[in-house]
Amino acid sequence: MAARLRLRSFAKINLDLRVLNKRPDGYHDLRTIFQTVSLADTIDVEYRPGRSRIEIKSSLNIPDNLIVRAADIVMKTTGRTGRLGFVLQKRIPLGGGLGGGSSNAAAVLLALPLLLRKPLPMEKLMELAAGLGSDVPFFLLGGTALGLGRGTELYPLPDIPAQPAVLIAPGIHMSTAEAYAELDRESTNGPPASTINSFQSVAWQIANAAPGEDWGSVNDFENVVFGLHPQLKSIKGKLLRLGARPALMSGSGSSLFGIFPNRELRDRAVESFRKEFAKDKVYSVTMVSRARYRTLWRRQLAAPMDSKVWQPQDRYAR
């Protein structure tokens, strides 16, 4: 008998992003503040017991889809067999620094063990998530969170209000590897104290600022990416002129976002940008708090809503 779920898989933005020194393992030390937003993909999942097979249909052709990789690792970890079918409807733009692929992978990690009636502890899910990608662990948690190291060391921050925002995805592909190469960070013992002090200041500002206040947010990738694609700098400038505070590039680009103090300013900005860009490149979104994120996940997994423990638990699991 088939078991089915429909999942919403949310995007993220980086409210601040500092790239520090290069590490011996080839990764970079990061300081970032993640934030989930309401733009989401839809994933339909169907499981049938039997011989193992994983199939996916997607509205976009995505090589080496993280959904398949996440499903395979869950099946192997739980020891379950069976046919898994996924249908993915993409709304989160690819390669835009919004974490769509990572979010899809985390959605599978959260949902599939419950669908298989073989729940995994959060510690194990975090381990599997880190092996799939640096942003994946964050999507197991949601809300506003501090990311250290590769971005996989996570600490909750006070959620910012559900402020309205605009996402602009101009469709310019920016390779993450190329962006890091352009930054040309050296292998050192640690970052300058001024960088850490500045980041700490922004983290405090975000936690305590009123809507419309400038946090002093920074994305270290902006200088190099804007140099390669000046159009992105122009988009940020327009967001600021229209009243966004802050306006920033997300991740290594090329998507940009602006957070607005009210819906009226946000809606005017959306209308203005849709005169320049196609509808599927301009998105009206809101911030999704950690509590809201968890409520949405419990609802779509039909998990107990009164549980004080995260992650979602299947009351019928065995």
Side-chain angles (χ1 to χ4, degrees), residues 9-37 66 69-70 73 92 94-110 122-160 174-183 185 187-188 190-191 195-196 198-200 202-203 206-207 215 217-222 224-225 246 248-257 287-288 290 293 310-311:
S9 166
F10 293 89
K12 63 83 179 170
I13 54 177
N14 297 84
L15 300 177
D16 194 281
L17 175 56
R18 315 295 174 107
V19 183
L20 309 181
N21 50 290
K22 193 171 184 179
R23 300 162 17 148
D25 61 7
Y27 291 99
H28 289 75
D29 267 319
L30 304 179
R31 298 290 184 274
T32 191
I33 298 171
F34 292 112
Q35 174 65 54
T36 37
V37 295
L66 278 175
R69 290 173 55 193
I73 201 169
I92 303 171
L94 296 177
L98 300 174
S102 296
S103 179
N104 294 166
V108 173
L109 293 180
L110 283 170
M122 180 56 75
E123 292 82 1
K124 187 62 179 179
L125 292 180
M126 293 293 281
E127 176 190 329
L128 299 179
L132 290 166
S134 296
D135 288 349
V136 180
F138 166 70
F139 288 104
L140 298 177
L141 306 172
T144 311
L146 175 68
L148 306 180
R150 288 171 47 204
T152 57
E153 185 182 342
L154 297 160
Y155 300 93
L157 291 176
D159 278 314
I160 65 173
M174 186 67 211
S175 160
T176 300
E178 181 184 1
Y180 274 107
E182 290 290 331
L183 274 176
R185 291 291 195 260
S187 299
T188 62
T195 299
I196 297 301
S198 173
F199 179 77
Q200 290 173 336
V202 171
I206 287 174
W215 306 329
S217 298
V218 171
N219 181 338
D220 280 349
F221 285 111
E222 284 190 349
V224 296
V225 174
L248 212 65
M249 190 174 74
S250 186
S252 59
S254 61
S255 296
L256 295 105
F257 66 88
M287 308 297 106
V288 176
R290 189 160 41 254
Y293 191 77
W310 182 251
Q311 73 272 19

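Residue numbers start at 1 and run along the sequence shown. Below, each value reflects all heavy atoms present in this structure, side chains not excepted, and no hydrogens, waters or symmetry copies.
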Output, in order, the C-alpha distance, side-chain angles, deciding distance and verdict of side chain to side chain donor-acceptor pair (under 3.5 Å) for Ser198 and Arg18. CA-CA 10 Å; Ser198 173; Arg18 315 295 174 107; 3.1 Å; yes
Apply side chain to side chain contact (heavy atoms under 4.5 Å, CB included) to Leu15 and Ile160, showing your working. CA-CA 11 Å; Leu15 300 177; Ile160 65 173; 4.3 Å; yes
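With rounding to the nearest 0.5 Å, the separation of CE in Met126 from CG in Leu109 is 10.5 Å. Of the inter-residue distances, the one linking Glu153 atom CD with Leu146 atom CG reads 8.0 Å to the nearest 0.5 angstrom. Remark: Ser255 OG to Leu98 CG distance equals 4.0 Å, nearest 0.5 Å. Rounding to the nearest 0.5 Å gives a distance of 10.0 Å between CG of Leu154 and CG of Leu157. Rounding to the nearest 0.5 Å places CG of Leu132 at 11.5 Å from CG of Asn104.
Taking the side chain to side chain contact (heavy atoms under 4.5 Å, CB included) definition, one finds that Val37 meets it with Ala11, Ile13, Leu167, Val285, Met287, sequence neighbours left out. In terms of the side chain to side chain donor-acceptor pair (under 3.5 Å) criterion, residue partners of Ser103 (sequence neighbours excluded) are, by chain and number, Ser9.
Here the two rings, on Phe34 and Phe139, have centers that are 6.0 Å apart or farther.
Leu248 places a side-chain heavy atom less than 4.5 Å from the side chain of Glu222. Contact of the Phe199 side chain with the Leu17 side chain is not registered, since no non-hydrogen atoms from C-beta on lie closer than 4.5 Å.
Looking only at distances, a side-chain donor or acceptor of Asn219 sits under 3.5 Å from a matching main-chain atom of Met249. Between the side chain of Asp29 and the main chain of Leu20, no donor-acceptor pair closer than 3.5 Å is present. Side-chain atoms of Arg150 come within 3.5 Å of backbone atoms of Ala130 as a donor-acceptor pair (strictly under, hydrogens ignored). Using a distance-only test at 3.5 Å, with no hydrogens or angles considered, no donor-acceptor pair links the side chain of Thr144 to the main chain of Asp159. One N or O on the side chain of Thr36 and one on the backbone of Val288 form a donor-acceptor pair closer than 3.5 Å. No donor-acceptor distance shorter than 3.5 angstrom exists from the side chain of Thr152 to the backbone of Ser134, with no hydrogens or angles considered. Between the side chain of Lys12 and the backbone N or O of Gly142 there is no donor-acceptor pair closer than 3.5 Å. In this structure, Asn14 contributes its side chain and Ile33 its backbone to no donor-acceptor pair below 3.5 Å. With hydrogens and angles ignored, the 3.5 Å screen pairs no side-chain donor or acceptor of Asp135 with any backbone N or O of Ser102.
In plain terms, the two heavy atoms of Val19 and Asp220 that are nearest each other are N-OD2, 2.9 Å. When all heavy atoms of Ser217 and Val202 are compared, the closest pair comes out as OG-CG1, 3.9 Å. Of all heavy-atom pairs between Gly143 and Phe138, the closest is O-CZ, 3.5 Å. Closest of all the heavy-atom pairs between Ala179 and Val224 is O-CG2, 4.2 Å.
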